[in-house]
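What follows is one structure encoded as structure tokens, with my remarks underneath.
Excluded from the calculations below are hydrogen atoms, water molecules and symmetry mates; all remaining heavy atoms, backbone and side chain alike, are included. Sequence lines set the chain letters: A, B, ... in the order given, protein chains first and strands last, and positions in each chain run from 1.
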Amino acid sequence: MPELPEVETIRRGLAEAVRGRRIVGIRMTPAGERLLRGVPTEAFLARVRGRRIDDIRRRGKYLLFALDDGATFVAHLRMTGRFEVEPGDAPDGPFFRAALQLDDGRELRWRDARRFGTWAICDEPAALDARLGPEPLDEDFTIDRLAGALAGRRAPIKAVLLDQRRVAGLGNIYVDEALHLARIHPRRSAGTLTRDEVARLHAAIRIALDKGIANFGTTFRSFVNAFGGEGRNREHLLVYGRRGEPCASCGTPIARIVVGGRGTHLCPTCQPFDGEGDADAGR
DNA sequence: CGTTACCTGAAA
DNA sequence: TTTCAGGTAACG
């Protein structure tokens, strides 16, 4: 479900709703235990009970709750995880797995149909940097930095952009959108991009992500913000989920192919496969 | 490097 | 009934 813009949207909502609150307890369902990946609920509770949430940050697609003892509660929503802040007496609703109880009677509730999401306590959140590439919206994400991440890679550009160690926060939707904006075919071998193409891609990544944030995220299935509201970026997408619809630039029907095992949307006219080999719009 | 597994619901 | 799903880690 969530890529950088969706996680950022949730982060902003959570910052508004729960910053400064203390965690007074936890509710964990049997299906929710998997969240902790083997850490006993009691051990997790011992780390968070009584702690004040001083800040909510984001790194890539991770949500980081800075606690008042210096520890960090790290959550990843994977495909279908949701965080919503609700009154403690509201119904749990579908896919409810766990909740952190707050000192004002509300709860930070976790719902996750597919149960891929994870919760952890981390004493050294900087360790995430070893596994994650640069933040694409930060100053230090330069054209050179992107060029370095792509250099020598033979994998399709789309696969490289989805690799969180190269650039953090991009997922299937925004990669397709960025490649379309940059007029680059998703199957182009990453290392073959010209300097001009890398520069276009660099700008396109930021445009696609900024737009997603400005529209409060893209809701295709399960994404909702911290208050249960849907994002409105879906109607602004240029290619993702628009198979068969005319390209806004040239009118050619948007194609859907598979790249790196992922459904991939592109305009075969605006994004010709001219980098190597022969044109291949279909497939 | 590509493929599979992890789960389960929703859509085709 | 079958296919697909916005993510990632673990395979071979």
Rounded to the Å, how far apart are [X] [atom1] and [N] [atom2]?
| X | N | atom1 | atom2 | result |
| --- | --- | --- | --- | --- |
| A:Arg166 | B:dC1 | CZ | C1' | 12 Å |
| A:Arg78 | B:dT8 | CZ | C1' | 15 Å |
| A:Arg97 | B:dT8 | CZ | C1' | 9 Å |
| A:Tyr174 | C:dG7 | OH | C1' | 15 Å |
| A:Asp163 | C:dA10 | CG | C1' | 14 Å |
| A:Arg115 | B:dC6 | CZ | P | 13 Å |
| A:Phe223 | B:dA10 | CZ | P | 18 Å |
| A:Lys158 | B:dC1 | NZ | C1' | 17 Å |

Between [X] (side chain) and [Y] (backbone), is there a donor-acceptor pair under 3.5 Å?
| X | Y | answer |
| --- | --- | --- |
| A:Arg242 | A:Leu237 | yes |
| A:Arg97 | A:Gly32 | no |
| A:Thr192 | A:Ala190 | no |

OP1, OP2 of [N] versus side-chain N and O of [X]: anything below 4.0 Å?
| X | N | value |
| --- | --- | --- |
| A:Arg262 | C:dC4 | no |
| A:Gln164 | C:dG7 | no |
| A:His76 | C:dT8 | yes |

For the P atoms, the ones on C:dT3 and on B:dT4, what distance do you get once it is rounded to whole angstrom?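 Looking at atom P only, C:dT3 and B:dT4 are 14 Å apart.
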Evaluate whether the aromatic ring of A:Phe116 and the six-membered ring of the C:dT8 base sit under 5.5 Å apart, centre to centre, with an inclination under 30°. no
Any carboxylate oxygen within less than 4.0 angstrom of a Lys/Arg side-chain nitrogen, looking at A:Arg114 and A:Asp112? no
So, are A:Lys61 and A:Glu3 salt-bridged, with charged N and O less than 4.0 Å apart?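 Salt bridge between A:Lys61 and A:Glu3, a charged N being under 4.0 Å from a carboxylate O: no.
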When you get a sec, tell me which of [options] is the closest nucleotide to the side chain of [X]?
| X | options | value |
| --- | --- | --- |
| A:Ala155 | C:dT8, C:dA5, B:dC1 | B:dC1 |
| A:Met79 | C:dA9, C:dA5, B:dC1 | C:dA5 |
| A:Tyr240 | C:dG7, B:dC1, C:dA5 | C:dA5 |
| A:Arg131 | C:dA5, C:dA9, C:dG7 | C:dA9 |

Using links of under 4.5 Å between side-chain heavy atoms of ILVMFWY residues, direct or through other members, which residues join A:Phe96 in one cluster?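 When side chains under 4.5 Å apart are linked, A:Phe96 ends up in no cluster with other residues.
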Between A:Trp119 and A:Phe83, how do the two ring planes meet: parallel, tilted or perpendicular, split at 30° and 60°? parallel
Under 6.0 Å between ring centres, would you say that holds for A:Phe73 and A:Phe44? yes
Show me, range against range, the stems involving DNA chain C, built from at least 3 consecutive Watson-Crick or G-U pairs below 3.5 Å. B:1-6 with C:7-12, B:8-12 with C:1-5
With heavy atoms under 4.0 Å as the rule, sort [X] into base, sugar-phosphate or nothing.
| X | value |
| --- | --- |
| A:Arg153 | sugar-phosphate |
| A:Gly261 | nothing |
| A:Pro156 | sugar-phosphate |
| A:Phe95 | sugar-phosphate |

